[in-house]
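Single-structure report; data block below.
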Protein chains: 2
Amino acid sequence: MVQRSQLRDALEEEIVNGVFGKGVRLDEQELARRYGTSRTPIREALMQLSAAGLVEMRPRRGAVAVVPDAQRLMEMFEVAAEMEGMAARLAARRWTEADNKQLLAVHAACRRKAEAGDADAYYYENEVFHEAIAAASHSGFLQEQLTALRRRLKPYRRLQLRTHNRVGASFAEHDAILAAIFAHDAEEAERLLRDHVLVQGDRFADLVASLAELPAAAVRKA
Amino acid sequence: MVQRSQLRDALEEEIVNGVFGKGVRLDEQELARRYGTSRTPIREALMQLSAAGLVEMRPRRGAVAVVPDAQRLMEMFEVAAEMEGMAARLAARRWTEADNKQLLAVHAACRRKAEAGDADAYYYENEVFHEAIAAASHSGFLQEQLTALRRRLKPYRRLQLRTHNRVGASFAEHDAILAAIFAHDAEEAERLLRDHVLVQGDRFADLVASLAELPAAAVRKA
DNA sequence: CGCTCTAGTCTTGTATACAAGATCAGACCT
DNA sequence: AGGTCTGATCTTGTATACAAGACTAGAGCG
């Protein structure tokens with residue numbers, strides 16, 4: 001049986017992965033055909049995605065996928081870095097024995113994937129690692145916000161984890177972050193995790209800049 | 001003519017202001033009757049609000065208003081403080097002449113309302129002040145996130161601005177924040193604005209605690 | 001030759017009809 | 001009497017029909 005949320009997730013997946021180009025109209029009938037349903041569930045999914053900022057709904061003129069340009073992407077990475085840093089700070093103050101166990105377990109899993117040189121598998125465990133820190137912050141709201149943000153940045157993160165030997169560096173950073181958290185050094189944990197995420201943003205910016213994929217970063221309108 | 005977004009906003013307003021009690025089912029037919037429309041637009045509005053975290057949609061069992069308990073509210077204030085602080089930090093680094101002008105103008109408006117002792121008017125200008133700082137951060141994404149968060153915290157903020165002589169204190173804090181921003185002191189601006197917002201959260205927590213309005217903070221389920 | 005106005009078509013937005021799971025009440029059984 | 005099963009009713013979820021604004025193409029005009 002198909003859950004309502006699955007349609008939304010499938011659409012989100014497609015949009016976030018850039019299946020639809022910038023400014024392409026998302027035709028409700030076509031989507032309905034493609035997903036084998038009527039327009040109603042499609043519309044409801046689109047409404048949700050528009051509330052989440054993934055599509056823009058122009059009255060009477062259809063929905064278009066929102067494809068963040070390089071500047072917007074940097075802004076998103078900046079905010080993500082700030083919030084991940086905040087999570088680390090709170091985690092350093094509040095972690096429990098259960099959090100400790102969980103973090104060590106996930107960290108070990110990261111090590112295995114990193115040593116195996118499996119970037120894709122590492123990428124997955126990396127997500128779990130960050131999620132575990134968010135959980136250790138014991139702020140449900142922060143955790144939710146971070147999860148939503150991570151989903152949107154997912155494809156871009158993945159993109160640049162593959163470059164260079166980022167996996168090795170990433171793991172080393174995880175190590176330092178955990179040390180700071182377990183030492184209850186909130187400021188240091190915040191700084192380290194923030195930088196850890198920002199590096200991804202910077203690297204992404206480099207990547208984009210080098211590809212010059214971006215003719216119209218400044219053409220954003222109010 | 002009634003825009004689609006107006007229905008959503010009206011519903012959001014009602015929910016955020018706690019018109020519906022905790023766990024009360026939002027009956028689609030009743031809402032449709034009340035707003036003089038069919039169920040379809042109501043459903044679409046509810047979908048958007050569920051994506052924004054304001055209502056929870058339980059499959060086949062209807063939507064209920066999500067009323068944050070005290071702990072969740074504190075978490076939201078914490079995150080808001082962090083992001084407002086971030087905005088101040090960025091604003092201190094990036095403000096332009098136009099931002100400067102705008103900030104001074106809004107600050108002057110705040111002063112007038114504060115001196116007139118008009119808490120409600122001050123409350124409104126206060127919003128504009130914070131919005132102006134977010135604008136001066138030159139991060140569109142951060143600005144949007146802050147706007148969304150502010151909307152959700154609005155009723156609680158308003159609640160505690162009325163207490164004590166918070167208006168006078170608030171204005172003095174604004175003054176210091178602007179000084180730090182104009183001096184390009186990013187760290188100080190961040191610290192001041194963060195505390196400025198956190199005070200509101202703390203005061204709110206005091207309020208709630210004193211009213212003991214909250215029997216079931218721990219009953220939140222996974 | 002290009003612009004504008006207009007009719008036609010297409011797409012979105014809303015209402016309604018129908019299908020299917022959830023709730024509730026009453027009867028039945030233990 | 002209490003609990004449980006079952007059918008009636010109600011609500012949500014989906015499909016379809018219809019209304020109304022937006023795009024398009026083509027004719028007419030400058």
Side-chain angles (χ1 to χ4, degrees), chain A residues 1-16 18-67 219 221-222, chain B residues 1-16 18-67 216 219-222:
Chain A
M1 182 236 175
V2 180
Q3 300 266 62
R4 175 175 63 249
S5 59
Q6 292 189 294
L7 177 58
R8 202 201 70 123
D9 289 346
L11 257 174
E12 177 174 339
E13 183 89 358
E14 286 198 290
I15 289 166
V16 138
V19 171
F20 309 103
K22 193 176 195 119
V24 173
R25 216 188 67 245
L26 303 178
D27 191 289
E28 296 176 1
Q29 292 189 20
E30 188 198 315
L31 289 173
R33 251 197 315 279
R34 204 138 64 70
Y35 283 100
T37 174
S38 83
R39 278 174 52 220
T40 311
I42 299 287
R43 280 185 64 83
E44 295 189 341
L46 287 176
M47 297 310 250
Q48 292 196 63
L49 294 176
S50 95
L54 280 139
V55 307
E56 187 189 341
M57 304 210 67
R58 301 161 309 174
R60 292 263 172 210
R61 302 185 58 206
V64 294
V66 169
V67 181
V219 192
K221 30 180 179 176
Chain B
M1 180 237 175
V2 180
Q3 301 265 61
R4 176 175 64 250
S5 58
Q6 293 189 292
L7 177 57
R8 201 202 71 121
D9 289 347
L11 256 174
E12 177 173 339
E13 182 90 358
E14 287 198 291
I15 289 165
V16 137
V19 172
F20 310 102
K22 193 175 196 121
V24 173
R25 214 187 69 245
L26 304 177
D27 190 289
E28 296 176 2
Q29 292 191 23
E30 188 198 315
L31 290 173
R33 252 197 314 278
R34 205 137 65 71
Y35 282 100
T37 174
S38 82
R39 278 174 52 218
T40 311
I42 298 288
R43 280 185 64 83
E44 295 189 341
L46 287 176
M47 297 310 247
Q48 292 195 65
L49 295 177
S50 92
L54 280 138
V55 307
E56 187 188 342
M57 304 210 66
R58 302 162 307 176
R60 292 263 173 210
R61 302 185 57 205
V64 294
V66 169
V67 182
V219 191
R220 184 134 41 89
K221 33 180 178 176

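The model shown is predicted, which means the values in this text are computed figures rather than measured ones.
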Tell me: [atom1] of [X] to [atom2] of [N], nearest whole Å?
| X | N | atom1 | atom2 | value |
| --- | --- | --- | --- | --- |
| B:R58 | C:dG21 | CZ | C1' | 14 Å |
| A:L31 | D:dA15 | CG | C1' | 17 Å |
| B:R60 | C:dT23 | CZ | C1' | 14 Å |
| B:E56 | D:dT12 | CD | P | 15 Å |
| B:Y35 | C:dA15 | OH | P | 15 Å |
| B:Q6 | C:dG13 | CD | P | 15 Å |
| A:L26 | C:dT11 | CG | P | 14 Å |
| A:E28 | C:dT14 | CD | P | 11 Å |

query = So, does the side chain of B:R61 form a donor-acceptor pair with the base of D:dG13 at under 3.5 Å?
reply =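 Not at all, since no donor on one side and acceptor on the other fall under 3.5 Å apart.
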request  = Give a yes/no on whether any side-chain N or O of B:S38 is located under 4.0 angstrom from OP1 or OP2 of C:dA15.
outcome  =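 Affirmative; the distance criterion is met.
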ask   = Counting just side-chain N and O atoms, does B:T40 come under 4.0 Å of either OP1 or OP2 of C:dG13?
value =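 Answer is no, no contact under 4.0 Å.
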ask   = Pick one: which of A:V67, A:V66, A:L26 meets side-chain contact (heavy atoms from CB on, under 4.5 Å) with A:F20?
value =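 Going through A:V67, A:V66, A:L26 one by one, the side-chain contact (heavy atoms from CB on, under 4.5 Å) with A:F20 is satisfied by A:L26 alone.
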task = Work out which heavy atom in B:S50 is nearest to a heavy atom in B:M57; give both atom names and the distance.
result =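 In terms of heavy atoms, the two residues are closest at CB-CG, 3.6 Å.
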Give the nucleotide from the list [options] with an atom nearest to the side chain of [X].
| X | options | value |
| --- | --- | --- |
| A:R39 | D:dA15, C:dT14, D:dT12 | C:dT14 |
| B:Q29 | D:dT14, D:dT11, D:dG13 | D:dT11 |
| B:D27 | D:dT16, D:dT11, C:dT12 | D:dT11 |
| A:R43 | D:dT14, C:dT16, C:dT12 | C:dT12 |

ask   = With a 4.5 Å limit on heavy-atom distance, are the side chains of A:E30 and A:R25 in contact?
value =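 No, their side chains stay 4.5 Å or more apart.
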task = Find which nucleotide of DNA chain C each of B:P41 and A:A63 is nearest to by heavy atoms, and output the residue with the more 5' nucleotide.
result =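 Looking at DNA chain C, the more 5' nearest nucleotide goes with A:A63.
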query = Can you tell me how far the CE atom of B:M47 sits from the CD1 atom of B:I42, to the nearest 0.5 Å?
reply =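 B:M47 atom CE to B:I42 atom CD1 measures 13.5 Å (nearest 0.5 Å).
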message = Rounded to the nearest 0.5 Å, what separates atom CD in A:Q48 from atom CD in B:Q48?
response =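 If we round to the nearest 0.5 Å, A:Q48:CD and B:Q48:CD are 9.0 Å apart.
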